[in-house]
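Chain letters run A, B, ... following the sequence lines, proteins first and then strands; every chain starts at 1. Both backbone and side-chain heavy atoms feed into the values below; hydrogens, waters and symmetry mates do not. All of these numbers come straight from a predicted model, not from anything done at the bench.
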Protein chains: 2
Amino acid sequence: MNDPSLTDGRAQVTPLHPGAGETLTEAAYRSLRNDLVRGRHAPGERLRIERLRRLYDVGPTPLREALQRLSAEGLVRADGNRGFTASPLDLADFDDLNTARSAVEREALRLAIARGDELWEAQVVSAAYLIGKADRAIASERTVQPEGVAQPDGTADGLLDHWEAANAAFHRATVAACGSNWLLRIREGLHTQCERYRRASIYRRRGKRDLAAEHQEIAAAVLERDADLACTLVTAHFAATAGDLALELGKAQ
Amino acid sequence: MNDPSLTDGRAQVTPLHPGAGETLTEAAYRSLRNDLVRGRHAPGERLRIERLRRLYDVGPTPLREALQRLSAEGLVRADGNRGFTASPLDLADFDDLNTARSAVEREALRLAIARGDELWEAQVVSAAYLIGKADRAIASERTVQPEGVAQPDGTADGLLDHWEAANAAFHRATVAACGSNWLLRIREGLHTQCERYRRASIYRRRGKRDLAAEHQEIAAAVLERDADLACTLVTAHFAATAGDLALELGKAQ
DNA sequence: ACAAAATGAAACTGGTGACATTCCGCCACG
DNA sequence: CGTGGCGGAATGTCACCAGTTTCATTTTGT
């Protein structure tokens, strides 16, 4: 069924492996989203069914359904009779995205701080510990490498993946106790969008910031139940990343 | 092609009429969403492809794709290998939904009040005028009808549709100038969800409230650029509706 | 002769229908 | 009470068709 000699060296994509009792549509959705967030499908690139069919080794039906779901989320655009396109990265859209994300995150954070219990606190502590390690790992890895190298692709990608996962987990933990599944769901979608923008940049900013310190400050404010401070810090945290990326994207354009 | 004698008197659904250069998938999406919001597919009801195929007179492919999109929005649930289901109405979920909606609406409102220009103001005035008329129409229609009648279906449905449209347009107008498409998009989705809950109730609450007054107060606060007041009013406005519906749904359960 | 518009063909998307396969739930049977 | 088919539905593939877009070519006007 699967011809291993046919892996087609050029385009690396996440292979489908549908877990038990999982639909091919769901698997295709996950793989596609993964690859879109990582930029394996370039922003603006047309996503032709026939090509995707070969890349992911599925029929057109699960692909089309997955793409429809992704278009509802905003990662893909479905235009009239012209098929699907990976959503382009746009500076104005990014700004917009950040105000929305900040707003939702703040609200969720306030609610979580108001409602969270001990278990929630413990999970924040745990996530803070992990993101702290990831922050330092990234920072030290950077000092080892010469200035402007910033591996173009593939080399230390695992580290970046790990940091992104830890970062997502940390921020998710802080708001987990907010009590509104809708807020959490929306927040998750906005986070994914932001991650896509983040990964598209070269992460040159790292030198200028002490991410570990920022994260620990946020964690401290959360654990002290200082909602105002936590919101201020998170807003600044997001805005700093946004500013750096905007700078980079702005230059590129 | 279309057999008019086959309209199948029982289940009334929105017929598909794909506008020029529009995909059948999009048309199916619109019709399905419309019918889901109006409760023409009962909450929790299984949405079997074969049945929908006959109801809407389309092939299975556009239907499945439309349902995938709707499941991303939360109007439909797609469970494993058991097909699609109209999302159930749940009291806890409704509460959750309202906190999320209030939060997003407040944020958008603040931004709009900060950024809106004259044209925006004018459109708020216009929308306020229209919702005012709709509010009074509903109120007067209610006094004409005897107490507990509340037409079960089909009779004065047009009035209700008109009110819902005007209500949506009014609240949309107040936040239109917020400048964040993401916020607007999220807000729209949450509004749709709430409308579904609203329409599921019998609208008995109307007697107890002066909706026209509430809407005009909100409009006034917005036009005076009093963000704090506007947010307070809108939050109360939503909470009142939510409370009434929760009461009704609670009784039903 | 050259640029712009019109034409035509190829490619692709969107959609249908039939069929294979897999999975779930149920019922009968041990 | 467990278990093993069994029917039906959902998922997915394939082949095929219709309508659009797109691109290259041809035609036309100056």
| field | Under-4.0 Å salt bridge between A/Arg53 and A/Glu50 | value | yes
Interatomic distance, OG1@B/Thr25 vs CD@A/Glu65, rounded to 0.5 Å, equals 10.0 Å
- Item | side-chain hydrogen bond (donor to acceptor under 3.5 Å, both in side chains) between B/Gln68 and A/Gln68, intermediate numbers included | CA-CA 7 Å; B/Gln68 290 286 357; A/Gln68 290 286 356; over 6 Å; no
Polar atom pairs (N or O), protein with nucleotides 10-13 of chain D, under 3.5 Å:
unit_1	atom_1	unit_2	atom_2	d
D/dA10	OP1	B/Arg48	NE	3.3
D/dA10	O3'	B/Gly83	N	3.4
D/dT11	OP1	B/Gly80	O	3.4
D/dT11	OP2	B/Arg64	NH1	2.5
D/dT11	OP2	B/Arg64	NH2	3.2
D/dG12	OP1	A/Leu24	N	2.2
D/dG12	OP1	A/Thr25	N	3.4
D/dG12	OP2	A/Thr25	OG1	2.8
D/dT13	OP1	A/Gly59	N	3.0
D/dT13	OP2	A/Gly59	N	3.0

| said: Would you say A/Arg40 and A/Thr14 are linked by a side-chain donor-acceptor pair, where the criterion is simply a distance under 3.5 Å? | reply: yes
Is the shortest side-chain N to carboxylate O distance from A/Arg30 to A/Glu26 below 4.0 Å?
no
